[in-house]
2 protein chains.
Amino acid sequence: MKPTIYDVAREAGVSIATVSKILNGKGKISPSTRRRVLEAIERLGYQPNLLASALTGKRTQTLALLVPDVANPFFAEVARSVEDRGRALGFTVILCSTDNQDDRLARYLAVLKQKRVDGLIIGTGVEDLRLLAELKEEGLPFTLIARDLPSLPVTSVRVDDFVGGYLAAQHLVELGHRKMAVLTESLKVMSSRERVRGFRQALEEAGVPFPEEAVYTCAARVDDGRRKALAVLAAADPPTAIFAGNDLIAIGVLQAAKETGMAVPDDLSVVGFDNTVLATICDPPLTTVAQPIEEMGKQVVDWLVRELNGEADVKQRVILRPELIVRASTAPPRR
Amino acid sequence: MKPTIYDVAREAGVSIATVSKILNGKGKISPSTRRRVLEAIERLGYQPNLLASALTGKRTQTLALLVPDVANPFFAEVARSVEDRGRALGFTVILCSTDNQDDRLARYLAVLKQKRVDGLIIGTGVEDLRLLAELKEEGLPFTLIARDLPSLPVTSVRVDDFVGGYLAAQHLVELGHRKMAVLTESLKVMSSRERVRGFRQALEEAGVPFPEEAVYTCAARVDDGRRKALAVLAAADPPTAIFAGNDLIAIGVLQAAKETGMAVPDDLSVVGFDNTVLATICDPPLTTVAQPIEEMGKQVVDWLVRELNGEADVKQRVILRPELIVRASTAPPRR
DNA sequence: TTGAAAGCGATACCAA
DNA sequence: TTGGTATCGCTTTCAA
């Protein structure tokens, strides 16, 4: 059997209260008994049972990260950065992929509460805001990453999507594009809306027309981006440039262009979003709007932990600046 | 305050023992009291505290997945499949990236024990086998994914790396290659050794020379694969084909070839391993040895859970068959 | 069929 | 400085 605090106490000839104090660095303990207890702990190879300690009201030192899908490279990188920062601060992280489905999210939230995780980091889409409102009522702290819900008093860390869209458009306009399309995931997602809004804004400022119909939506997957792009490119007088809502979709566009016999960037320029590893690997390498993923992961965790510690009373809205990374998928239009 | 089992008992006018029995489907309960209790639970929105229940000896319903790095697409996909199967069986999974460092692994193992996780799935490299031997002694069940430690009595789920290497070589030989190199991560990793061994075996059978020096090692990262490939390709009389230990390295090779002005597949054929999403995205699409990641994830979880349930007394060595996926990065040599 | 009470392994208050 | 003990929320005998 694993040794318990009782075993240590007996071995050291003290009470469990004393052992507990030493373990937690509380109260006054004479050097000699401290030494005896420490030796006993060493000898027995004692490791406190975190469940028992959490039951008395202490933290579980566990966070949960909710994302649509860890297999998506963007969220995989988010997961890595959150895990790293969590570990540095003494937390372990539970991984939850929801596929953006509210029922899945709800199931996860239920068990996470039962497991008494200390806090949540939410990067997944949420349709039914009541799910989150409930969390607030129950006092389970959470922060948002790469998402924002303006209607909720919650701290969020994200990139300025509006600026991201703006940068993409600006770049394309400077290259001389006049007929562009946007292929994004559902506009129900606020970040998507913002990217499109920023894109539109830059075009307006440049006096370039951008009709409502030039915005297409698809799922955030390569194959769906490809499917939709195929349709877009098949139209009479297709756009000379496409701004994709993320790298996955952008790569689908790249594939569609290839299939259609259009050369990128000569016949079609493509701009992605996220700057995941994929953007460096595809052909041609993708011009894309970079999110500072590592920094974002670090900051969400930091803010969440501050909240746990009661150090952060006010909700933050941390908005990092995205950066346009110009690679080889964009060029002046040939048509 | 969150309602406890006492609140439910009071609300229903029964004892906590009765509530507990109903919750766990034990003992005989009259329909009428069951109904009363269920109603009370409903009314109060009661959710059992899993910490408390685990403290009494029940499971934590938590598994841990240890991998080198979730940001690596292969392991991200593994994580997704493990998470999915875990969820289906009622487990939550803690994510642990170790960067293949034993001290990091050791730290994680310590806290995972303290948190009383029910079992571990290990996909990370382990230098010091005593770490795992200790787990066995302490009775913490674990299984291996995409790894194997023949010296340990443990169940593992992996692909037949030898066959994978063999398939890669066979393909290249059939295309007519006679001078090939292998670029793999550390040969300390058994799967790497096996892939190389299979590769060599196929060449021997075909009577194609394959000197010891044609095996190069690098870290499992695109940039390091690129760096090393640059050196390999710069040699006088470079190989006409390179078998990379995984897709990441293969993509580094692709990049190096591009930089060197070698066309793939005409001047250089490249074969990868894993068949991650990257293989479909790079240019040209990568011929690679596919691992059935989803199936592997499902099986490791299943075997681990069987072990938890005491249903699996014997250790399994599940070896799935890899499959060669021919894409556009391989062709007959031009030289 | 139901309930009283003894754990499970820690924390923390209050005495000594 | 140290220790006794109630407590956290649940499971599980064992009686009733």
Side-chain angles (χ1 to χ4, degrees), chain A residues 1-38 40-41 44-62 110-118 138-139, chain B residues 1-38 40-41 44-62 110-118 138-139:
Chain A
M1 238 355 246
K2 257 186 158 40
T4 72
I5 197 171
Y6 289 92
D7 299 316
V8 174
R10 191 177 325 111
E11 178 83 10
V14 298
S15 76
I16 61 167
T18 302
V19 176
S20 177
K21 280 172 199 148
I22 292 174
L23 251 21
N24 298 289
K26 302 201 170 171
K28 304 242 155 289
I29 303 289
S30 79
S32 74
T33 72
R34 149 166 282 116
R35 195 176 41 66
R36 290 214 321 285
V37 170
L38 259 19
I41 287 175
L44 266 37
Y46 168 72
Q47 301 258 262
N49 180 330
L50 257 26
L51 296 181
S53 113
L55 187 56
T56 72
K58 293 189 76 170
R59 294 199 190 136
T60 52
Q61 299 295 355
T62 303
V111 322
L112 293 171
K113 285 178 207 165
Q114 295 193 62
K115 294 196 176 182
R116 301 296 190 269
V117 300
D118 297 325
E138 300 176 25
Chain B
M1 241 350 249
K2 255 187 158 39
T4 72
I5 197 171
Y6 288 92
D7 300 316
V8 174
R10 192 177 322 112
E11 178 84 10
V14 298
S15 76
I16 61 167
T18 302
V19 177
S20 176
K21 281 172 198 150
I22 291 174
L23 250 21
N24 297 288
K26 303 204 169 169
K28 306 243 154 287
I29 304 290
S30 79
S32 74
T33 72
R34 146 165 287 114
R35 194 178 39 67
R36 289 216 319 287
V37 170
L38 259 19
I41 288 176
L44 267 37
Y46 168 71
Q47 301 259 268
N49 180 328
L50 258 25
L51 295 181
S53 109
L55 188 56
T56 72
K58 293 188 79 170
R59 294 201 189 133
T60 52
Q61 300 295 356
T62 304
V111 322
L112 294 171
K113 286 178 206 165
Q114 295 194 60
K115 294 196 176 180
R116 301 298 189 266
V117 300
D118 297 325
E138 300 175 25

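Numbers restart at 1 for each chain; the letters A, B, ... are given by sequence-line order, proteins then strands.
I29(A) places its CD1 atom 14 Å from the P atom of dA12(C), with the value rounded to the nearest Å. If you take CZ of R116(A) and P of dG9(C), they are 20 Å apart, rounded to a whole angstrom. In this structure, R34(B) atom CZ and dG3(C) atom P are separated by 14 Å, rounded to whole Å. Distance Y6(A) OH to dA6(C) C1': 12 Å, rounded to the nearest Å. Whole-Å rounding puts the K21(B) NZ to dT2(C) P distance at 9 Å. As a whole-Å value, the separation of R35(B) CZ from dT1(C) C1' is 16 Å.
For DNA chain D, the outermost nucleotides in 5' to 3' order that have an atom under 4.0 Å from a heavy atom of chain B are dG9(D) to dT12(D).
Less than 4.0 Å separates DNA chain C from at least one heavy atom of each of the following residues of residues 47-62 of chain B: L55(B), T56(B).
As judged by a 4.0 angstrom heavy-atom cut-off over every strand, V14(A) is placed among residues touching the sugar-phosphate backbone only. Within the 4.0 angstrom heavy-atom criterion, only backbone atoms of the sugar-phosphate kind lie near T4(A); the bases stay farther away.
Side-chain N or O atoms of K115(B) include one that pairs as donor or acceptor with a backbone N or O of Q61(A) at under 3.5 Å.
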Verify side chain to side chain donor-acceptor pair (under 3.5 Å) between N24(A) and K58(A), making sure each step is shown before the conclusion.
CA-CA 11 Å; N24(A) 298 289; K58(A) 293 189 76 170; 2.7 Å; yes
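T18(B) has no side-chain polar atom (N or O) that falls below the 4.0 Å cut-off from OP1 or OP2 of dT1(C).
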